[in-house]
Amino acid sequence: MQINSNQPKLFVVSLPRTATTSFCLAMLEQGLKVAHTAYTLKTFNQADVIADTPIFNDYRRLDSLFPNARFIYLERDIQSWLPSIRQLLQRMQTNLQRTDGGFNPILKRCYADVFSQYSLEMLADDAFLIESFNAHQQQVFDYFAERPTDFTRLSPDQANWWQTIESLLDWPLQAAPFPHVNKGGKVTKWNELRHPLKIESTRNGRVDDLDKLLYRL
């Protein structure tokens, strides 16, 4: 399968636990095909909107591969992000860092690039998480600093949020409330969702070697 690099895409480059699932749900309700994480070429070809892994880490490569793409950063207050990401990383640690299986290698690589091979002691320190958040944010902002037509920042709490996306994409969207899901540390909403425009992230649990097939430069 060849990648369709001319198809317009919207990539969400903010970190996990920044309302990425809520944003994906909002885009589904706007009639767009959406993937929350993407690990196959088919996913990249089919989805109009892709968030989370590997986007938050590989946006530079994807920018080169998809010249018509647009990028959005979801802004979340860092103090409310801290307990949410800490809980997620605590749950994921074993499967992220084991060498005999666990999560797929794409997911492992992306989390390691942002959060390193963290320990539970490191997670207990707000400074470590704040530094990881700020470093990632600054890298994104620096990369897109001269790209106002390709990149925008969005607070999910802002009124008329859909107008921000319309101006970035030139796609007609409908006025609607922004959904807020996966509250209280829950991260299961997307997996439980059944929607005709939801694009699966894997092939029945299998992933492609994207580093070889998709990201070769």
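Every value quoted in this text rests on a predicted model; they were computed, and no experiment measured them.
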For the residue pair [X] and [Y], categorise the inter-ring angle as parallel (less than 30°), tilted (30 to 60°) or perpendicular (more than 60°).
X    : Y   : answer
Y111 : F56 : perpendicular
F178 : F23 : tilted
F141 : Y73 : perpendicular

Intermediate values then yes/no, side-chain contact (heavy atoms from CB on, under 4.5 Å), L123 and F115: CA-CA 10 Å; L123 290 184; F115 298 105; over 6 Å; no
Centroid separation F11 to F71 less than 6.0 Å: yes
Ring centres under 6.0 angstrom apart (Y143, Y59): yes
Expected output: side-chain D48 to main-chain K9 donor-acceptor under 3.5 Å: no
Compute whether any side-chain donor of one residue and acceptor of the other, for [X] and [Y], lie under 3.5 angstrom apart.
X   : Y    : value
H36 : S201 : no
S14 : E75  : no
S80 : R76  : yes
Q97 : Y118 : no

Residue E131 excluded, over 12 heavy atoms near CD under 6.0 Å: no
Residues, nucleotides or ligands: over 12 heavy atoms within 6.0 Å of N204 CG: no
Connected via hydrophobic side-chain network under 4.5 Å: I199 and L197: no
